[in-house]
Amino acid sequence: VTPYLNSAIARADGYAVGANRKMVVIRRFTNNHAFTTMIVNPEKTDVALRPNDIIWVPERRAYATARFFGQI
């Protein structure tokens, strides 16, 4: 069974508070020890994942700004 991005996010208990749900970064290693970076909108595209893919979901800009000002 091939895992897909949206099912992996759901299995990880979904998005964190303040997550950017329209931009997910997938870093995929290639055979020659290099990597490619894909930026996808999981609301429009569900990507088949491969072993050792790294998934990063950034914060929404407004949430990050509010968190920053809350710390100072």
What pairs of donor and acceptor atoms, side-chain ones from residues 7-23 against any protein atom, are under 3.5 angstrom apart with sequence neighbours left out?
unit_1, atom_1, unit_2, atom_2, d
Ser7, OG, Tyr4, N, 3.3
Ser7, OG, Tyr4, O, 2.8
Asn20, OD1, Lys22, N, 3.0
Asn20, OD1, Met23, N, 3.4

Exercise. Decide yes or no on side chain to side chain contact (heavy atoms under 4.5 Å, CB included) for Val25 and Ile55, but give the supporting numbers first.
Key: CA-CA 6 Å; Val25 180; Ile55 301 168; over 6 Å; no
Quiz item: What is the distance from atom CZ of Arg27 to atom OG1 of Thr36, rounded to the nearest 0.5 Å?
Solution: 9.0 Å
Quiz item: Who else is in Ile54's hydrophobic cluster (ILVMFWY, side-chain heavy atoms under 4.5 Å, direct or via others)?
Solution: Phe29, Phe35
Quiz item: Can you list every side-chain hydrogen bond (donor to acceptor under 3.5 Å, both in side chains) pair that touches residues 42-55, not counting sequence neighbours?
Solution: Asn6-Asp46, Arg28-Asp53
Practice problem: Take Ile26 and Val40, measure what side chain to side chain contact (heavy atoms under 4.5 Å, CB included) needs, and give me the verdict at the end. | Solution: CA-CA 8 Å; Ile26 301 172; Val40 297; 4.2 Å; yes
Quiz item: Can you list the residues that meet the side chain to side chain donor-acceptor pair (under 3.5 Å) rule with Thr30, with sequence neighbours excluded?
Solution: Asn32
Quiz prompt | Pairs touching residues 36-61 that satisfy ring-ring contact (aromatic ring centres under 6.0 Å, His included), sequence neighbours left out | solution = none
Self-check item: Pro42 and its side-chain contact (heavy atoms from CB on, under 4.5 Å) partner, picked from Val24, Val47, Val57
Solution: Val24
